[in-house]
Amino acid sequence: MQIKINDSEIMLIQGDITELDTDAIVNAANKDLILGAGVAGAIRRKGGTQIQIECDLIGGTFVGGAVITTGGKLKARHVIHAVGPRMGEGDEDNKLKNATLNSLKLADEKGLKSIAFPAISTGVFGFPLYRCAEIMLATTCAYLQKTKGLKKVVFCLFDKAAFAVFEKELKKSGPQKP
Ligand code: ADP
């Protein structure tokens, strides 16, 4: 499913984010930038040790922040490491919004045209999927209304259930592309 916003688009797909060839894929990172399980583990396995080395040089970032490394051996040339909230730590909605927004801004600053997000914080960090879909999609829609840089924002959902939740939410946001 995809929708158009001005001359950009939001697209939903189901699959493994590490297989995508967007200019950047987003890692659901932790603030120490240690690539552990979930999306981060898949990125480490497929992208090689170079990405962790670059993360170590950066050292870390705040919850809601985003930093960029190369994509190592991945098809995507860059990885944007976005730190989502851990459920229960407080102010989770704002932090997820900021993690999304800071990733979009960073991609634009670097002149990237396409970016792919996972459902940040909905794995190990325990954030509810429907709220993640609401926040990440609303933030992206609002951002694309005013940017001229980014052309394509993909949400890559790992399973059918997550895809269905995002699809339902995106259908509320605007007209579907024919
Ligand atoms: P967090 O620690 O932010 O919760 P996780 O990596 O544990 O991050 O999970 C975030 C979401 O990404 C979960 O919904 C999980 O099912 C999904 N996920 C895990 N591996 C992949 C992958 N290779 N591609 C896309 N999504 C993935």
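FYI, the numbering just counts along the sequence from 1. Counting convention: from 1, in listed order, for ligands and their atoms alike.
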Backbone N/O of [Y] and side chain of [X]: donor-acceptor pair under 3.5 Å:
X: Asn6; Y: Gln145; answer: yes
X: Ser103; Y: Ala99; answer: yes
X: Glu54; Y: Thr70; answer: yes

With atoms numbered from 1 as shown, which atoms in ligand 1 lie under 4.0 angstrom from a non-hydrogen atom of [X]?
X: Ser121; value: 1 (P), 3 (O), 4 (O)
X: Gly38; value: 6 (O), 20 (N)
X: Ile17; value: 22 (C), 24 (N), 25 (C)
X: Ala119; value: 10 (C), 11 (C)
X: Asp16; value: 22 (C), 23 (N), 24 (N)
X: Ala28; value: 3 (O), 8 (O)
X: Gly15; value: 24 (N), 25 (C)

With nothing but distance in play, are any N or O atoms of [X] less than 3.5 Å from an N or O of ligand 1?
X: Thr18; result: no
X: Val124; result: yes
X: Phe125; result: yes
X: Leu129; result: no
X: Ala42; result: no

Under the ring-ring contact (aromatic ring centres under 6.0 Å, His included) test, residues paired with Phe166 that sit two or more places apart: Phe155

Any ion pair linking [Y] and [X] (charged N to carboxylate O, less than 4.0 Å)?
X: Arg77; Y: Asp23; result: yes
X: Lys151; Y: Glu9; result: no
X: Arg86; Y: Glu92; result: no

Please list the nearest protein heavy atom to [atom] with its residue and the distance rounded to 0.1 Å.
atom: atom 13 (C) of ligand 1; result: Thr122 OG1, 3.3 Å
atom: atom 4 (O) of ligand 1; result: Gly123 N, 2.8 Å
atom: atom 6 (O) of ligand 1; result: Val39 N, 2.8 Å

Protein non-hydrogen atom below 4.0 angstrom of atom 27 (C) of ligand 1 present: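 Answer yes: something from the protein, a heavy atom, is under 4.0 Å.
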
Thr69: which of Gln50, His81, Gln52 passes side-chain hydrogen bond (donor to acceptor under 3.5 Å, both in side chains): His81

From Ile10 atom CD1 to Ile5 atom CD1, the distance as rounded to the nearest 0.5 Å: 4.0 Å

Side-chain heavy atoms of Ile115 within contact of Leu150, under 4.5 Å: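 Yes. Closest side-chain heavy atoms under 4.5 Å.
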
Ala116 versus Leu20, closest heavy-atom pair with distance: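 Closest approach of Ala116 to Leu20, heavy atoms only: CB-CD1, 3.6 Å.
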
Winner among Phe127, Phe155, Phe117, Phe158 once heavy atoms are compared against atom 17 (C) of ligand 1: Phe158

